[in-house]
Engineer: 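For reference, the structure I am asking about is given below.
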Amino acid sequence: MKDNNLKLILAVALSFIFLTIYSYYFQQPTPTQKPTPTHQTPSNSAPTTPTASSSTPQAPSHNANIQAPNATSPIIARVQSAEMEIEIDNLGRIAQVYLKNKKFIASKQEDLIDHLKRLFGFNPKPLEPLSKLPLLGIDALKPLELRFVDTTLNQEAFKQSYHASTSTLEINKSAKTLTLTQELPQLELKKILTFYPNLTYDLKIEITPKRGLLNSAYVLSNGSRPVADADGYAFHGVLLGTQDDKLEKLEDGKVKQTQSFHNVAFIASVDRYYTSLFFAKNLNALVDSQAGSKNPLPFVSFNGNTQLHGYIGPKDHRLLKQIAPELGDVVEYGIITFFARPVFLLLDYLYSYTHNWGWAIILLTLIVRVILYPLSYKGMVSMQKIKDLTPKMKEIQEKYKGDPQKMQMHLMQLYKKHGANPLGGCLPLLLQIPVFFAIYRVLYNAVELKSAGWILWIHDLSVMDPYLILPLLMGLSMYAHQVITPSTITDPTQAKIFKLLPVFFTLFLITFPAGLVLYWTINNVFSIFQQWAINQILEKRKAQQIEEHKPTTYNKG
């Protein structure tokens, strides 16, 4: 009979490998550095604009005959601090945001082929770090772009430049205010921006009509998603958080038509590590699709004067929660978010004591092993019982090899009589798979771990081990754990496959983040010590049982 434990282990391992490879390598990549131009259109056609529902102000007409804003719009103001630089163009938009912190400008991680070439001397030139990291796409929809509903007014607005109250604003220690003014025949428009050192800003829009009544309805964009990270595995698109704590996700390439959302708490354009967002109470949002790519274009709609808040920068969980509690939902881990977020919070709590993400991962691994110890112990006891029952199992298999139903029935009776569970040893493995995936998503999506080192050669836990040491240690530790674990495999072919699992996992995890491989390696090390301790307990118990059943002997006197 095929060994049930091995079947389940192989099924879990192969499913895990298949799902991860499929997600990582076959998910369509998203455009990054130069996305399809959002509004790079001929001068006799209109930029794409959203159409609002009947309950919100109507967006600008698709037929507006205006010159589309482009990447060459002159810069009229710069906002600077030690950590960032913001450029404002003559259309009153945030044209670019640069991050200066070395955490974000470290050399880009090579793919495996390039890394191996450089490791073995075929391509010795090291990658150079950036001087500053640009977040926004060149021709993408810009934050603070304002579009009037009135077609004539909209045409005039895109032809008339803004004027800045100052060309340079330094905000190293305290908030500073910049006023952008646009003079149109019908009105005066002011964008009053107060920038803070933590990359947040307050926006106040003041519209003063110059003559008579005026339709001052308009939409305002928080901009297309940042393009600083080229990875296509993480979520890219728009997130909307509602006032009742629901999260709407509109992914790049999957927006087919304009969608309206009411009572929105925040609207965020996101990539793997960064976001550009608005937040306020009861926003009315519109999300349109970008022609050709179906990428979401986010807007919020207003009529007249208004105030709101914005942020452009890394998706740092603590910072976002400090800015506004609801912004914690901007950090998104995919379908396993419900489990990954608590894992990250525990990891972040451990980091607050260790001040090193590597040691925090090790402590997290220890906590997981302690929690799973009762199940591990029961599983190991069950496996030892199965091993002890192997001779009787072989007898039953030989006796009923022509009648599988009877053979299975007698085997189950044997298991029940001796309190053995043939699948007991696999339960701890099954429970570790969600933890493994959660830690993988955390290490993959949490910007806090970007450029975070551990010790010696591990300078970035969010990317692969540059010298492949951790994957090799992981494979060796997995093999050592196999050696000391009671085996119930009787089929030679199955035994060979089982012994090759450490090799498969080593090759598979080579390109995975070093932090994830660290978790798996330390998990194996703890498992070895745990298995050794359980083996000692079982040996003592077995020796005691033999002693108790030894026949009593008497000396002849």
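The basis for the numbers below is simple: all heavy atoms, side chains too, and nothing from hydrogens, waters or symmetry mates. No experiment lies behind these values; they were computed from the predicted model shown.
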Engineer: To the nearest 0.5 Å, what is the distance between CD1 on I458 and CD1 on I469?
Structural biologist: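 Reported to 0.5 Å precision, the distance equals 7.0 Å.
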Engineer: Check whether the side chains of N198 and T200 place a donor and an acceptor atom closer than 3.5 Å, and report yes or no.
Structural biologist: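 Yes.
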Engineer: Mind checking whether F104 and Y274 have parallel, tilted or perpendicular rings, split at 30° and 60°?
Structural biologist: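 Geometry flag for Y274 against F104: perpendicular rings.
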Engineer: Check step by step if side-chain hydrogen bond (donor to acceptor under 3.5 Å, both in side chains) holds for N356 and T354.
Structural biologist: CA-CA 5 Å; N356 181 294; T354 63; 5.9 Å; no
Engineer: Verify side-chain contact (heavy atoms from CB on, under 4.5 Å) between I510 and D465, making sure each step is shown before the conclusion.
Structural biologist: CA-CA 8 Å; I510 279 178; D465 180 343; over 6 Å; no
Engineer: Should L99 and E83 be marked as a side-chain contact (heavy atoms from CB on, under 4.5 Å) after you check the CA-CA gap, both sets of side-chain angles, and the distance that decides it?
Structural biologist: CA-CA 6 Å; L99 299 182; E83 298 288 326; over 6 Å; no
Engineer: Between CG of L476 and OG1 of T521, what distance do you get to the nearest 0.5 Å?
Structural biologist: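 It comes to 9.5 Å.
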Engineer: Examine F279 together with Y311 and report whether their ring centres are nearer than 6.0 Å.
Structural biologist: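 So the answer is no for these two rings.
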Engineer: Working to the nearest 0.5 Å, report the span between NZ of K254 and CG of D252.
Structural biologist: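 It is 10.0 Å, given to the nearest 0.5 Å.
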Engineer: What distance do L518 atom CG and T365 atom OG1 have between them, rounded to the nearest 0.5 Å?
Structural biologist: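 Result: 6.5 Å between the selected atoms.
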Engineer: Side chains of S276 and R225: any donor to acceptor distance under 3.5 Å?
Structural biologist: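 There is no such pair between these side chains.
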Engineer: Can you measure from CZ (R318) to CG (D348) and round to the nearest 0.5 angstrom?
Structural biologist: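 Spacing of CZ (R318) from CG (D348) equals 4.0 Å.
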Engineer: How long is the gap from CD1 on I522 to OG on S477, to the nearest 0.5 Å?
Structural biologist: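 The CD1 atom of I522 sits 8.5 Å away from the OG atom of S477.
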Engineer: For atom CD of Q536, decide whether the heavy atoms of other residues, nucleotides or ligands shown that lie under 6.0 angstrom number more than 12.
Structural biologist: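 Enclosed: over 12 neighbouring heavy atoms sit under 6.0 Å from CD of Q536.
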